[in-house]
There are 2 protein chains.
Amino acid sequence: MLSLTCKTAIKAVIYLASKYESGQKSGIIEIAEYIDASEHTVGKMLQTLVKEEVIFSSKGPNGGFYMTVKQKGQPIINIIEAIDGRDVFKQCGLGLSKCSSTHPCPMHIDYKLVRDLFERLCREKKICDLCEPLNNGIAYLVG
Amino acid sequence: MLSLTCKTAIKAVIYLASKYESGQKSGIIEIAEYIDASEHTVGKMLQTLVKEEVIFSSKGPNGGFYMTVKQKGQPIINIIEAIDGRDVFKQCGLGLSKCSSTHPCPMHIDYKLVRDLFERLCREKKICDLCEPLNNGIAYLVG
DNA sequence: ATAATAAAAGCATTCATTTACTTTTATTAT
DNA sequence: ATAATAAAAGTAAATGAATGCTTTTATTAT
């Protein structure tokens with residue numbers, strides 16, 4: 001459902017959000033190391049997130065990527081739509097291009113149930129909700 | 001969640017099952033044309049399904065691929081496991097290799113809900129359940 | 001037996017995604 | 001102003017999945 005890059009993006013953003021309290025910005029290398037991902041993939045992907053205003057960045061010494069309180073309050077779906085596009089939750093379970101309630105594939109009704117549940121979860125869960133268990137040592141971004 | 005080949009496999013099997021009443025076997029070309037997929041991909045994929053005993057095949061004139069009543073009663077998950085492997089419904093939503101209830105990613109609980117719902121659907125729905133709406137002209141495999 | 005048919009198998013190519021490298025641009029501290 | 005830092009941007013390579021092609025093997029009807 002989600003691309004590898006998109007999963008990496010969610011992890012990176014959760015990490016960034018969890019660093020908010022420290023008041024410090026994070027560089028590409030730091031983020032990539034923490035979530036155990038390729039530096040280059042992370043760099044490209046963060047660029048996209050900045051362009052889509054999911055996160056902010058600043059150049060130069062003491063520069064890096066960071067988030068505002070408002071951005072921490074964004075739903076996860078903002079990350080997903082920025083990276084994988086707006087149609088993730090509209091795709092047919094069997095890959096038909098025009099699958100809909102009026103022209104359904106045989107799995108349409110059931111698959112839509114799953115897809116909609118996932119979408120709801122991604123709309124309801126805020127970035128800050130997910131970084132909380134990380135800060136409490138209850139959840140992990142690697143392993 | 002499912003690979004392109006896996007989606008093609010599900011469509012091919014639903015088509016085969018829907019042809020059961022006719023008592024006729026279907027060749028690679030016929031199947032590929034009906035579900036609008038690459039002949040070669042379909043050939044390879046059907047081979048795998050035969051090896052995993054999801055469907056049967058016979059060579060020679062009047063040969064082709066076909067299914068028994070028993071095979072039509074299989075759950076969809078049999079197709080998925082044959083093509084994409086047994087771990088599809090065990091994978092972490094963020095791609096962690098060791099994500100579990102004791103070492104969860106921040107999305108674990110919520111994602112598991114979605115994953116489990118999808119798995120349940122794939123275990124409960126039988127192949128013959130899905131070819132029924134097709135036979136009734138209520139659902140489609142192309143478009 | 002032979003020819004025709006159709007799946008099985010192996011190898012090669014294409015395509016998309018991911019990862020890697022290099023150069024450029026902006027910012028800050030000195 | 002200058003040097004150092006760090007993101008932005010553009011291009012290239014590597015990987016993996018999907019597709020394409022060719023040969024082999026098995027079966028059936030004649």
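Chain identifiers are assigned alphabetically (A, B, ...) following the order of the sequence lines, protein sequences preceding nucleic acid strands; residue numbering begins at 1 within each chain.
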Q: Rounded to whole Å, how long is the line connecting atom CG of B:Leu4 with atom P of C:dC15?
A: 15 Å
Q: Return the orientation label for the B:Tyr140 and A:His103 ring planes: parallel under 30°, perpendicular over 60°, tilted otherwise.
A: parallel
Q: Does a side-chain N or O of A:Thr41 approach OP1 or OP2 of C:dT19 to a distance below 4.0 Å, or not?
A: yes
Q: Which nucleotide sits closest to the side chain of B:Pro61: D:dA8, C:dA4, D:dA4?
A: C:dA4
Q: Would A:Val69 and A:Tyr20 count as a side chain to side chain contact (heavy atoms under 4.5 Å, CB included) here? Give the steps.
A: CA-CA 8 Å; A:Val69 178; A:Tyr20 175 82; 2.9 Å; yes
Q: For DNA chain C, whose closest nucleotide is more 5', that of A:His40 or that of A:Asn62?
A: A:His40
Q: With a 4.0 Å cutoff (strictly under), does any side-chain N or O of B:Gln47 reach OP1 or OP2 of C:dA9?
A: yes
Q: Does the structure show a Watson-Crick or G-U wobble partner for D:dG10, both distances under 3.5 Å? Name it, or say none.
A: C:dC21
Q: Specify the residue among A:Lys44 and A:Lys59 whose closest nucleotide of DNA chain D lies further upstream toward the 5′ end.
A: A:Lys59
Q: Hey, is the side chain of A:Ser58 poking within less than 4.0 Å of OP1 or OP2 on D:dA6, counting only N and O atoms?
A: no
Q: When the side chains of residues 54-63 of chain B are checked against the rest of the protein, which donor-acceptor pairs come out under 3.5 Å, sequence neighbours left out?
A:
from: B:Ser58; atom 1: OG; to: B:Lys25; atom 2: NZ; distance (Å): 3.4

Q: Within the modelled atom types, does a donor on one side and an acceptor on the other bring the side chain of B:Lys25 and the base of C:dT5 under 3.5 Å apart?
A: no
Q: For A:Ser26, report the nucleic acid contact type (base, sugar-phosphate, nothing); a contact means any heavy atom under 4.0 Å.
A: sugar-phosphate
Q: Answer yes if the side chains of B:Tyr66 and B:Gln24 hold a donor-acceptor pair under 3.5 Å, and no otherwise.
A: no
Q: Map A:Glu39 and B:Ile28 onto DNA chain C by nearest heavy atom, then report which one ends up closer to the 5' terminus.
A: B:Ile28
Q: In Watson-Crick or G-U wobble terms, both distances under 3.5 Å, what is the partner of D:dT30?
A: C:dA1
Q: Kindly say if B:Ser57 contacts the phosphate of C:dA8, meaning a side-chain N or O under 4.0 Å from OP1 or OP2.
A: yes
Q: OP1 or OP2 of C:dT18 less than 4.0 angstrom from a side-chain nitrogen or oxygen of A:Thr5, does that happen here?
A: yes
